[in-house]
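Each chain gets a letter, A, B and so on, in the order its sequence line appears, and its residues count up from 1.
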Amino acid sequence: MKIRVRFAPSPTGYLHVGGARTALFNWLLARHSGGTFVLRIEDTDLARSTEASVQAILDGMRWLGLSWDEGPDIGGPYAPYFQMQRLDTYKHYVDRLLNEGHAYHCFCSKEELDAMREEAQKKGEAFSYTGRCRNLLPEIAQRLREEGRQPVIRFKTPTEGETVVEDLIHGSVSFQNALLDDFVLVKADGVPTYNYAVVIDDATMEITHVLRGDDHLSNTPKQILIYQALGLPMPQFGHIPMILGQDRARLSKRHGATSVMAYEEAGYLPEAMLNYLAKLGWACGDQEEFTVEELIEKFTVAGVNNTAAVFDQAKLDWLNGVWMRRLPTSTLVERLKPRWAARGWLTERHTDEWLNALVELLKERARTLVELVDYSTFFFDVPIEYKPEAVEKFLVPENRAILEALRDRLPKAEPWDLATVEGVFRNLASELGVKAGAVIQPARVALTGSTASPGMFETATLMGPELVAKRLQGALELMAAKV
RNA sequence: GCCCCCGUGGUCUAUCGGUUAGGACACCACCCUUUCAAGGUGGUAGGACGGGUUCGACUCCCGUCGGGGGUACCA
């Protein structure tokens with residue numbers, strides 16, 4: 001049987017890292033097995049669902065490269081893929097439940113329910129809907145309707161026995177039916193609740209495996225009861241552990257960025273994000289680095305563990321660095337161009353060849369694209385920041401002669417290439433009878449504003465004679481002004 | 001409160017009754033070195049606790065504690 005999995009977010013916000021990992025695991029299972037990955041939008045929460053969120057989620061999925069085979073924008077054999085467009089289907093099945101005695105109309109108002117809940121709490125008892133409307137006489141139901149009461153439809157949960165979830169990740173988990181109450185299937189406005197709609201959709205879309213967050217494990221017995229009442233074939237369930245913040249509380253805005261697109265903005269690479277997310281809750285021996293292809297090849301549900309994991313920014317940073325080094329320089333250049341352009345730094349001088357050389361120099365020093373752009377500042381003809389500690393240490397009178405000599409000689413280096421530039425530095429050092437470092441460090445500060453940079457010869461060469469002359473002159477003026 | 005899940009270094013994890021408990025991030029030291037990175041070598045640090053079962057438990061069972069989730073006309 002061909003595997004069909006789905007990712008079913010509710011469009012009430014952006015795609016967050018937890019959702020992204022759920023999507024990833026489903027996607028990997030589909031791609032690993034040659035199955036189908038369905039994207040379904042669960043928009044039954046009318047108050048919170050927005051079109052903007054749908055777009056935000058699709059953007060996040062696209063950035064990560066999690067392509068879907070059926071879904072909102074592309075349709076598919078089980079369309080539509082928005083729950084609010086599937087109301088007829090839900091109506092059809094709930095009528096069956098009603099007719100077959102598995103569901104009933106309930107006229108209890110929200111106020112009445114709240115009162116009951118409060119009372120139960122006062123008595124220290126667990127509240128669960130008692131089924132007050134289970135056996136309403138038709139005349140009474142009719143009268144309530146005439147009074148203008150809009151009923152909800154509740155599921156008639158068995159009062160005894162137990163329901164067992166056979167979970168791919170947790171094994172058998174059983175629940176006492178008596179502890180489950182007569183939950184709502186269809187709200188008063190005719191919109192289905194999550195627990196009901198998800199069953200109908202997964203069944204009618206012929207989903208074979210439901211991989212979703214741990215937070216749904218407790219909902220699963222209710223869903224199983226609906227499958228059984230309707231005689232619908234059940235998918236296999238797998239509940240993957242939650243992602244927590246540093247304080248072990250459920251990941252939320254408090255913990256910093258949770259939106260995957262916020263990571264895109266911050267300069268993280270989708271390759272690294274995918275790699276990190278996959279490793280969070282899934283392992284394959286001791287391997288840490290995975291390309292998407294390797295993930296697809298090696299992913300199995302059996303490899304997913306069952307313990308909640310803390311999202312570790314430091315490890316993501318490291319992995320992003322790994323991918324910065326791993327990706328071809330030209331790929332990085334293409335992704336960086338828009339960021340440099342946004343700062344208005346690109347000119348005709350900055351050919352692909354030059355940019356490649358630049359990235360070659362910086363990619364192993366930056367952990368994110370944003371860091372690389374920041375780091376690249378001094379290579380462009382823009383004002384740079386001179387770090388006070390660096391200035392204080394190296395732009396001092398004792399180094400004046402060195403910097404003047406460099407200013408006079410360096411721009412005249414001919415031809416302008418690495419060997420010639422290096423020669424100027426080394427010759428000056430031996431002339432003065434000092435170590436190369438004594439010449440290089442002041443020059444580094446003068447050219448970059450900092451004591452840390454890529455190799456001095458490479459840096460100066462790439463900057464070009466004009467900028468080098470300008471910066472050295474500027475540094476000398478800075479020194480003069482300081483005295 | 002009740003129900004469910006989970007519990008290996010600070011963090012992510014390997015182990016599927018017998019290992020000097022392995023790897024990665026982070027941290028520290030050293031090496032490399034014109035600085036910074038990257039890279040290399042080494043180091044600090046772990047089976048929540050208490051009972052069982054067993055010749056032998058991180059591993060199986062029970063309890064406690066801790067964390068998470070559910071208990072909505074949210075999903």
Side-chain angles (χ1 to χ4, degrees), chain A residues 8-12 42-45 47-49 106 108-110 113-114 117 120-121 123-128 150-154 165 167 169-170 173-176 179-181 183-189 191-195 197-198 212-222 239 241-242 244 246-250 276 279-289 305-319 321 325 361-367 375 390 394 422 425-426 429 435-441 443-445 448 450-457 459:
Chain A
S10 62
T12 55
E42 308 213 327
D43 54 355
T44 56
D45 185 343
R48 296 196 302 147
S49 297
C106 169
C108 296
S109 69
K110 210 167 229 157
L113 257 14
D114 287 344
R117 205 169 277 125
Q121 191 146 46
K123 282 195 271 186
E125 290 169 1
F127 171 79
S128 77
Q150 290 291 316
V152 299
I153 300 173
R154 286 185 187 272
V165 179
D167 193 273
I169 294 163
H170 294 278
V173 183
S174 43
F175 297 82
Q176 294 298 317
L179 264 13
L180 269 25
D181 68 351
F183 56 95
V184 174
L185 299 172
V186 180
K187 307 174 208 171
D189 60 3
V191 177
T193 58
Y194 164 73
N195 279 127
V198 76
R212 80 229 301 192
D214 241 353
D215 48 342
H216 287 298
L217 185 53
S218 300
N219 286 142
T220 309
K222 295 177 185 173
H239 289 90
M242 305 267 83
L244 311 177
Q246 304 289 348
D247 56 359
R248 298 215 137 260
R250 190 185 200 148
Y276 179 69
K279 282 284 299 170
L280 206 55
W282 173 81
C284 185
D286 283 339
Q287 189 174 347
E288 296 286 341
E289 300 173 27
N305 72 6
N306 56 194
T307 80
V310 172
F311 189 86
D312 183 11
Q313 177 91 34
K315 188 144 186 179
L316 204 213
D317 286 349
W318 168 74
L319 257 182
R325 275 168 256 132
L361 243 36
L362 298 180
K363 62 190 234 177
E364 70 178 28
R365 294 176 165 81
R367 290 178 311 172
Y375 208 163
F394 292 102
E422 176 167 357
F425 278 94
R426 297 218 184 269
K435 287 207 281 195
V439 172
I440 289 169
Q441 278 306 84
R444 189 187 310 280
V445 176
T448 72
S450 162
T451 52
S453 84
M456 194 68 273
F457 313 137
T459 299

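When each of B:G39, B:A37, B:C3 is scored by its nearest atom to the side-chain atoms of A:R365, the top-ranked nucleotide is B:A37. For A:T307, whose side chain is taken as the heavy atoms from C-beta onward, the closest listed nucleotide among B:G7, B:G70, B:U11 is B:G7. Of the listed nucleotides (B:C25, B:A75, B:G22), B:A75 has the atom at the smallest distance from the side chain of A:Y194. For A:M456, the listed nucleotide lying nearest its side chain is B:U34; candidates were B:U34, B:C25, B:G68. In this structure, of B:C36, B:U35, B:A26, it is B:C36 that holds the atom nearest to the side chain of A:Y375. Listed candidates were B:C73, B:G22, B:C3. Nearest to the side chain of A:D286 is B:G22. Side-chain proximity of A:A452 to the nucleotides B:G22, B:U35, B:C4 is greatest for B:U35. Comparing atom distances between the A:K315 side chain and each of B:G22, B:C73, B:A24 picks out B:A24 as nearest. Each of B:C3, B:C73, B:C5 was ranked by its minimum atom distance to the side chain of A:T193; first place goes to B:C73. For A:A309, the side-chain atoms get nearest to B:U13 when compared with the rest of B:U13, B:C3, B:U11.
For A:F311 and B:G67, the CZ to C1' distance is 20 Å, given to the nearest whole Å. Rounding to whole angstrom units, CD of residue A:Q313 and C1' of B:A26 are separated by 13 Å. Distance, A:L217 CG to B:G70 P: 11 Å, rounded to whole Å. Regarding A:H216, its NE2 atom lies at a distance of 23 Å from the P atom of B:C3, rounded to whole Å. One interatomic measurement links the two molecules: CD of A:Q176 to P of B:C2, which rounds to 15 Å at whole-angstrom precision. Remark: C1' of B:G68 and CE of A:M242 are 9 Å apart, rounded to the nearest angstrom. Distance, A:E288 CD to B:U11 P: 16 Å, rounded to whole Å.
At least one side-chain nitrogen or oxygen of A:H170 sits closer than 4.0 Å to the OP1 or OP2 atom of B:C6. In this structure, A:R248 reaches the B:C12 phosphate: one of its side-chain N or O atoms is under 4.0 Å from OP1 or OP2. The side chain of A:T44 places an N or O atom within less than 4.0 Å of a non-bridging phosphate oxygen (OP1 or OP2) of B:A75. For B:G70, the OP1/OP2 oxygens have no side-chain nitrogen or oxygen of A:K222 closer than 4.0 Å. A:R367 has no side-chain polar atom (N or O) that falls below the 4.0 Å cut-off from OP1 or OP2 of B:C36. Remark: A:N305 is in phosphate contact with B:U13, judged by side-chain N or O atoms under 4.0 Å from OP1 or OP2. Close to B:C36, at under 4.0 Å from its OP1 or OP2, lies no side-chain N or O of A:K363. When the side-chain nitrogen and oxygen atoms of A:N306 are compared with OP1 and OP2 of B:C6, one or more of them lie within a distance under 4.0 Å.
In this structure, B:A75 makes no Watson-Crick or G-U wobble pair, since no nucleotide meets both defining distances under 3.5 angstrom. Of the nucleotides present, none pairs with B:G47 by Watson-Crick or G-U wobble criteria with both distances under 3.5 Å.
Within the 4.0 angstrom heavy-atom criterion, only backbone atoms of the sugar-phosphate kind lie near A:S10; the bases stay farther away. Residue contacts for A:V152: at a heavy-atom cut-off of 4.0 Å it reaches a base atom on one of the strands shown.
The aromatic rings of A:F425 and A:F457 are tilted relative to each other, their planes meeting at an angle between 30° and 60°.
Rounded to whole Å, the separation between the C1' atoms of B:A45 and B:U13 comes to 15 Å.
Of the residues near RNA chain B, A:P241 and A:V191, the one whose nearest nucleotide (by heavy atom distance) lies more toward the 5' end is A:P241. In terms of position on RNA chain B, the residue among A:L179 and A:Q441 whose nearest nucleotide sits closer to the 5' end is A:L179.
With hydrogens and angles left out, the side chain of A:D215 and the base of B:A75 share no donor-acceptor pair within 3.5 Å. A donor and an acceptor atom never sit less than 3.5 Å apart when one is taken from the side chain of A:D214 and the other from the base of B:G69. Counting atom types as modelled, A:E364 pairs no side-chain N or O with a base atom of B:G39 as donor and acceptor under 3.5 Å.
Under the 4.5 Å side-chain criterion, counting only non-hydrogen atoms from C-beta, A:H239 is not in contact with A:N219.
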